[in-house]
Every structure is written in structure tokens, then in C-alpha cells.
2 protein chains.
Amino acid sequence: MAAPPVPDTATRQRLLEVAGEVFAEQGFRSATIRDICARAGANVAAVNYHFGDKERLYLAVLEHAHSTALGRYPPDLGTTGDSSAEERLRAFVRSFLLRMLDEGVPAWLGKLMAREMIEPTAALDGLVERVMRPLFVQLVGIVEELSGAGTDPERVRLCAKSVVGQVLFYRHAQECLRRLEPAEPRDSERIERLADHVTIFSLAAIRGMSKDGSKAPRSKAGRQR
Amino acid sequence: MAAPPVPDTATRQRLLEVAGEVFAEQGFRSATIRDICARAGANVAAVNYHFGDKERLYLAVLEHAHSTALGRYPPDLGTTGDSSAEERLRAFVRSFLLRMLDEGVPAWLGKLMAREMIEPTAALDGLVERVMRPLFVQLVGIVEELSGAGTDPERVRLCAKSVVGQVLFYRHAQECLRRLEPAEPRDSERIERLADHVTIFSLAAIRGMSKDGSKAPRSKAGRQR
DNA sequence: TGACAGTTCAAACGATCGATTGATACAAGC
DNA sequence: GCTTGTATCAATCGATCGTTTGAACTGTCA
């Protein structure tokens, strides 16, 4: 009886893509429907017609972007069922970097995710459960295998966070790095170099920590005040 | 001859502190002068009277917050002139974490910095040159000493970025972590644990990488499409 | 052709924003 | 007492925001 909820897709699709750019550039609150519609060549009323309101447009953008990015760069990209943990770690790091930094993922996904992490909207809860938690669990599995059986689960999770932190740094600190180190090579080549470094650095750390229990540089310093 | 440019400081000081909270919560553009003035118990015209306009209030907030934070938690906190590189690394990591996460630095400094990195305003250029670059140079010096003389300077810088990335992760991903791992201990104790992990992890990585040249897990995988 | 659902449009609504204005209160200097 | 400079206030301006409205246009099926 009811008509299909999403019949026409021409204007709707343009809005979805343009809105991604604009939300990534300006943030949810500062982005204006007028700007989005103008860039999409649509009327101001188009957003309210196709998505109901501004917030539901934003949710649709996040959904659309993530299914695109995870389809293009899956976290086990290039590995097979019997790949070693080292290979799977590198694939995880590399695909993660690609999703965050590569142009054409769409290009604004990384920026949009960074925004959502710093300035959460109601969409973050769903994002954590549907996207981030599965990815993190997968990474914890890899690190666990690298650490050897019997390693303290808390330390495994800390190491996994160290890996994620290194990757996210190149997204979150992008504008700072652009000012700190103006000359950087082409993007695709740079991403491969970063993936190499993060993988080697993390492997050396995990192996080194597994060898000797957990020797700290004795925090005799600090703790004052 | 001219009167001192900042004679009274009662309202001005309250505005400075309240504005920090509000800018950290809402971001520069979404924060409103009305909200700031209301929380500070001042009239809407107070900001324009004391600071000229909204943007110069924002600059004053950043300036004020950083001089406070670096004074409270200097990057060589707890070390002396003849401390080892390991001790200086731990002091750097720990004070960095404290500046980003500790309540009462002021508490909103970390959030404000995270925002400025993701959504840069005109203030970021000055921030990079006056705050971030000196800190990064200092860290590079520590990592260089740990890596041993003759290490590729590019790799030293990459390792320094890996350290910074791990620390910033706990600030930038705070809202995600709160959803991923709801139960977390008291803040001050947690910061010490994080400082321990980041230091140990990074030391193991730097030492492990220095031992064997730079063996990657052979990126035979990936690279397709 | 005519009816109808889907889509687009110009125009307007009420709300809220940053900034300005002119009046006022207060204290110090002469 | 009078002037001067600092500080605060209520009131208001013009601009811009998200959203709504009702008419116009499109294609399809009877």
C-alpha cells in the first residue's frame, strides 16, 4: 500500500555525497543545509524532503560512508585464512591507514570520523558498536597471538590501543604535521611507508615486552605534587 | 601616559575561564557569546568590551590555557640534568598525558587542543610554532639518544610520532573508549598506568628496531587495487 | 485526456546569532 | 562640584539559521 520509501535517487545521492564533504569540512552544527543544497544543485527544501531533517541526513551520511570504506579497504585486505599474525597485523594497519587517509574512500570519511570522535553526536554510540568494536576485537586477537598465550589480557588491550593510536595520529594531527613537516611525498607512497613503520614499531614493541615480563624504567621520578 | 590596557580583571578573568569550558564543549563556531556571558554572570556586551570580539577571546583563552598547563606539568617534570634518556622519555610521556587528561589543568585544555587539531582556526599556526614544535624537537632528541648514534633521522622522527600518537589517542578517542570499556579506574591512577605502558611499549619498540636493521613483515600481501 | 504520486521550487516563518548602541553607576583626580 | 575613564547594563540591529508551506512541474497509468 505504501510507496517505496526511497524511490528516486538522483538528488538524494548527490545530497549524500556533498553533505559528507560539507559535514567533514565544517562539522555538524556549523554546516548549513543551504550550503549543502547549493553545492548539490538542489533546493533548500530538498534535505527535508529526502531525509526529514538535518540530523537524519547526517546519520545517512555516516552509514553510507562506512559501508563504502569498509567495502573498499577491508581490515584483512590481502590476507588469506592461513596468513601469519605478522601479515594480518600489517594488513590491519595498512587498511586502517587507507580508510583514514586515502583520497576517494570517499576522501572526507577520515575527517568526518575524526570530528565524530572529538565532538560526538548521537550517532557515535551506533558507530562504536557496529564498526569500532568489531575492528578492535579483531586487532586484539592479532596482538594476542603475537604476544603468545598466557599474556595478561589487559596488556594485550593496551598494546592494541597503542597500534590504533599510532594510526589515528596521522589523521588527527594531519593539520599539525602539515605545519611541522611541510614537505611530504605523494600520498599513496607515504601511506605505505607509514604502514611499514607502524607495523615494525609495534611488532618490535610487542615482542620486546613479551620477552621480559614488564620492566618499567622505575617511575622513581615524577609523582611529586 | 595611557592607562594600563587591562585594568580590571574580575569579569575578564571569569570570562576567560568560562569561555575555555564552553569552547571546549561546543567548539569555536557553535559556542555562543550569550552562553559564555550567562555562565560568567556577565552581560552579553562584556566579551566585546574586554576582548574586542569572539575570535580574540578565543585566542586569549588558548594563550592563557597553555601557559597554565606547561607551567603546571613541564615536559621534563621530575628529571634532572643527568637523568637517563629512559627517565626523560617517561617524564615526557607522563607530563604529556597529564596535560591532556588531568582535571584541573584547566580540565578543558585537552579537549580544546583536540578540537583545534581537528578543526583548525587561525590560532593553530602560532600554536604549532610556539608549543608543539619545541615539544616535538625535545622528544626527537630523547628518541635519538635511545636509538643510538647514526640512526636514520627519518626513523627517529617516525618513532617520536609513534610516541605522540599513543598519548594523543587517550585524549582523542576518549569518548569512544568510554563506550568500549565502560569500567575504568580513578583518573590519576589510570594516567600513571597509561604512562607506564606507553613508555615500556615505546622503549621496547625503539630498542627492538635498533637491534635489527628494519625488517618488515614483507609487504607481499596487499598492494592490489 | 485526466487523475495522481513523486519531486522541485521560490518564498516565507520564527528563532538565534554576533555585534552595537546609549544610558548608567562608580571611583579617582583636579 | 566637575570631569574623566572604566565597567556594566538593557535594548536592539542586521544577518543567517532550520524548517515549513503551497504552488508548479514531472512522469505514469487508466
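Just so we're on the same page: letters track the sequence lines, and every chain starts at 1. Treat the numbers as computed from the prediction; the structure is a model and nothing was measured.
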Fill in: Ion pair check, A/K111 and B/E119, cut-off under 4.0 Å
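Salt bridge flag = no for B/E119 with A/K111.
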Worksheet entry | Cationic N near anionic O, under 4.0 Å, B/R94 to B/D196 |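 Salt bridge between B/R94 and B/D196, a charged N being under 4.0 Å from a carboxylate O: no.
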Practice prompt. Measure from the side-chain heavy atoms of A/T32 and tell me the nearest of D/dG18, D/dT20, C/dT8.
Written response: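 So the side chain of A/T32 is nearest to D/dG18.
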Worksheet item: Which of the following nucleotides, C/dG6, D/dT8, D/dC17, is nearest to the side chain of B/Y49?
Response: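 In terms of side-chain proximity for B/Y49, the closest of C/dG6, D/dT8, D/dC17 is D/dT8.
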[X] has an atom [atom1]; how far is it from atom [atom2] of [N], in whole Å?
X     : N      : atom1 : atom2 : result
A/N43 : D/dA24 : CG    : P     : 15 Å
A/N48 : C/dA10 : CG    : P     : 16 Å
A/R34 : C/dA15 : CZ    : P     : 16 Å
A/I33 : C/dA11 : CD1   : P     : 20 Å
B/H50 : C/dT20 : NE2   : C1'   : 16 Å
A/R29 : D/dT19 : CZ    : P     : 13 Å

Item to complete: If the plane angle is over 60° it's perpendicular, under 30° parallel, otherwise tilted; pick one for A/F201 and A/H197.
Response: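 If you compare the ring of A/F201 with that of A/H197, the planes turn out tilted.
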Discussion item. Taking the cut-offs as 6.0 angstrom to the six-membered ring centre and 45 degrees off its axis, would you call A/K54 and A/F28 a cation-pi pair?
Written reply: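 Judged by the rule, A/K54 and A/F28 form a cation-pi pair.
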Worksheet item: Within the structure shown, what part of the strands sits under 4.0 Å from A/A46 by heavy-atom distance: base, sugar-phosphate, or nothing?
Response: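 Nothing: the residue A/A46, judged by heavy atoms under 4.0 Å, touches no strand.
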Discussion item. My understanding is that only residues two or more places apart in sequence, or in another chain, count here; which of them pass salt bridge (Lys or Arg N to Asp or Glu O under 4.0 Å) with A/E25?
Written reply: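 Salt bridge (Lys or Arg N to Asp or Glu O under 4.0 Å) list for A/E25, sorted by chain: A/R39.
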Discussion item. Any residue in residues 53-64 of chain A with a heavy atom nearer than 4.0 angstrom to DNA chain D? Just list them by number, or reply none.
Written reply: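 The stretch gives A/D53, A/K54 as the residues lying under 4.0 Å from the strand, ordered by number.
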Worksheet item: Do B/H50 and B/T11 have side-chain N/O donor and acceptor atoms under 3.5 Å apart?
Response: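 On atom types as modelled, these side chains do not qualify, holding no pair under 3.5 Å.
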Fill in: Near-strand residues of residues 20-28 of chain A, defined as heavy-atom separation under 4.0 angstrom from DNA chain C
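None - not one residue of the stretch has a heavy atom sitting under 4.0 Å from the strand.
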